There are 2 protein chains.
Amino acid sequence: MQMSTERNPENTRFKILKAAFAEMHQHGFQGMRVDQVLSRTGLKKGALYHHFPSKQALGYAVLEELIEKRIRELWIDPLADFDDPLEGIYVLYERIGDVWSDEFFALGCPLNKLAQEMSPIDGGFRERIGRFFRLWQKAVSQALLQGQSRGIVKPEIQPDDCALFVVAAIEGALGMTKILGDKAVYERGKGELKRYLESLRLDIESMTNDSWEEE
Amino acid sequence: MQMSTERNPENTRFKILKAAFAEMHQHGFQGMRVDQVLSRTGLKKGALYHHFPSKQALGYAVLEELIEKRIRELWIDPLADFDDPLEGIYVLYERIGDVWSDEFFALGCPLNKLAQEMSPIDGGFRERIGRFFRLWQKAVSQALLQGQSRGIVKPEIQPDDCALFVVAAIEGALGMTKILGDKAVYERGKGELKRYLESLRLDIESMTNDSWEEE
DNA sequence: CCAATAACAAACCAACTGGTCTGTCTGTGG
DNA sequence: CCACAGACAGACCAGTTGGTTTGTTATTGG
């Protein structure tokens with residue numbers, strides 16, 4: 001039975017994480033200042049260095065517990081809900097446009113930002129980010145593979161390559177949106193992503209066997 | 001008649017620019033240390049602050065005189081050499097794979113890196129980078145438009161949107177290549193880019209009027 | 001109820017960082 | 001040939017930064 005104004009270690013830790021995320025999203029990991037994170041939370045150095053051994057460890061925690069978690073929830077896990085992976089990818093892309101605020105688009109994808117900044121100079125970040133992108137790619141690839149076995153996706157395409165391109169296109173679109181400073185840029189990418197996805201679809205005419213669900 | 005070991009202001013300035021670019025490419029602008037740039041060149045503080053009023057001004061100079069210049073030479077200017085813009089975009093993508101070294105791929109696109117890092121926190125960078133990406137997009141868009149008038153590109157597509165997607169896909173592919181740490185990733189994106197580009201091509205069957213060059 | 005420990009606060013510090021200031025040398029126009 | 005400005009060197013500095021140390025308070029197991 002903890003009182004809200006009194007000590008609550010888990011909540012304190014999470015508050016630090018959120019503040020650190022906000023700072024990293026804006027200034028990058030190197031640009032993030034520990035003092036700034038603290039002033040956001042009202043806490044002091046003692047609190048931060050009690051929960052995290054170093055700034056680097058704090059960065060890793062933000063990456064794994066906030067950034068990767070959110071992307072998994074938004075891009076990876078929901079893929080399994082769709083029978084048609086091509087529709088699934090498109091709908092997820094569309095959904096992000098509704099969920100994210102304009103300010104969030106202006107700051108861009110935090111994972112990509114961290115990747116661009118830290119991959120070349122910190123092995124810990126590089127490994128974690130690389131591992132996660134491989135996971136993401138594999139999830140898309142698996143969905144496409146399943147789409148092939150269901151007679152939705154062309155059998156001659158390479159799911160791995162297509163998944164790579166899809167993830168690249170998503171990150172690229174988010175990047176362009178951030179750079180050009182207009183959420184409409186993201187929306188305009190939607191149609192082109194659809195065009196690419198439809199080019200992966202097995203058209204009815206070229207089908208020899210009959211196998212589809214309802215749609 | 002300057003001796004190579006003696007004073008040569010233009011050369012000195014360029015040496016600083018190149019060193020600063022290398023540092024920025026690896027550590028980012030904020031991560032770049034003035035002292036490190038200097039030790040790369042063998043020069044001292046006096047030299048740098050004689051040629052550049054501040055670290056920020058040095059960053060702007062690197063962006064405009066090295067980064068944007070190179071991208072213009074590699075991605076924008078050569079577009080005009082192709083009668084078929086779809087082939088042109090593809091060939092340029094292909095050409096980069098041959099020109100850039102593995103180490104350069106590992107460091108990724110310096111413009112995107114700078115954009116991700118500095119856009120949210122520095123108006124000077126934001127404006128310059130935004131302006132340049134608009135230039136790039138417009139160049140691709142113009143090429144596609146010309147392709148339409150030549151009966152190569154489907155008349156119903158929006159050149160602006162497609163150009164946006166092309167640039168996004170290129171940057172995305174470079175980003176994925178950097179993150180996954182394998183130049184092969186870039187090569188594997190080639191085929192998917194081609195698939196997208198071909199989806200923009202006006203197929204012969206659907207043509208009503210006869211208008212093509214040689215090919 | 002009482003140590004023992006977890007959860008913080010507050011002051012402090014050494015290293016670093018961009019930038020300045022003064023001085024020196026080199027090339028050059030008159 | 002010589003004054004003068006451009007091109008740099010080298011020492012110096014104030015502010016910042018991540019991290020530490022010590023002290024204080026709340027929480028909890030026995």
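None of the values given here were measured: they were computed from a predicted structure. Throughout, protein chains are lettered first and strands after them, A, B, ... in sequence-line order, and every chain is numbered starting at 1.
The 12-atom threshold is not exceeded at CD of A/Glu10, counting heavy atoms of other residues, nucleotides or ligands nearer than 6.0 Å.
Following rounding to the nearest Å, A/Glu10 (CD) and C/dC8 (P) show an atom-to-atom distance of 11 Å. As a whole-Å value, the separation of B/Phe52 CZ from C/dT20 P is 15 Å. In this structure, A/Gln30 places its CD atom 16 Å from P of C/dC16, rounding to the nearest Å. Between B/His27 atom NE2 and C/dG18 atom P there is a gap of 12 Å when expressed in whole angstrom units. Protein atom CG of A/Asp35 is 14 Å distant from nucleotide atom P of C/dA10, rounded to whole Å. Atom-to-atom, CG of A/Leu38 to C1' of D/dG19 comes out at 12 Å; the value is rounded to the nearest Å. If you measure from atom CD of A/Glu23 to atom P of D/dT17, you get 11 Å, rounded to the nearest angstrom. In this structure, CG of B/Asn11 is placed 13 Å from C1' of D/dA7, rounded to the nearest angstrom.
Considering only heavy atoms from C-beta on, A/Gln142 stays 4.5 Å or farther from A/Pro85 through its side chain.
Under 3.5 Å, the side chain of A/Lys45 and the base of D/dG19 form at least one donor-acceptor pair of N or O atoms.
When distances are taken from the side chain of A/His50 to each of C/dA6, D/dG19, C/dG19, the shortest belongs to C/dA6. In the set D/dT17, C/dC8, D/dG19, D/dG19 carries the atom at the smallest distance from any side-chain atom of A/Tyr49. The side chain of A/Lys55 has D/dG18 as its nearest neighbour among C/dG18, C/dC8, D/dG18.
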Practice task
Starting from the C-alpha separation in whole Å, work towards a yes-or-no answer on side chain to side chain contact (heavy atoms under 4.5 Å, CB included) for A/Val166 and A/Leu197.
Solution key: CA-CA 9 Å; A/Val166 164; A/Leu197 291 171; 4.2 Å; yes
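OP1 or OP2 of D/dG18 has at least one side-chain nitrogen or oxygen of A/Arg33 nearer than 4.0 Å. Applying the 4.0 Å criterion to OP1 and OP2 of C/dC8, one finds that A/His51 has a side-chain N or O inside that range. A sub-4.0 Å separation between OP1 or OP2 of C/dC8 and a side-chain N or O of A/Lys44 is absent. Phosphate proximity of C/dC8 to A/Thr12: present, with a side-chain N or O under 4.0 Å from OP1 or OP2.
With sequence neighbours excluded, the residues forming a side-chain contact (heavy atoms from CB on, under 4.5 Å) with B/Glu94 are B/Tyr90, B/Lys190, listed by chain and number.
Axis angle between the ends of the helix from C/dC1-D/dG30 to C/dG30-D/dC1, five pairs each and rounded to 10 degrees, works out to 10°.
In the model, A/Gln56 has a side-chain atom that pairs as donor or acceptor with a side-chain atom of A/Tyr60 under 3.5 Å.
When each of B/Gly46 and A/Gln56 is assigned the nucleotide of DNA chain D with its nearest heavy atom, B/Gly46 is the one assigned upstream, toward the 5' end.
The cationic atom of A/Lys55 (NZ for Lys, CZ for Arg) lies less than 6.0 Å from the six-membered ring centre of A/Phe29 and within 45° of the ring axis.
Judged by distance alone, the side chain of B/Gln146 and the main-chain N or O of B/Asp83 form no donor-acceptor pair under 3.5 Å.
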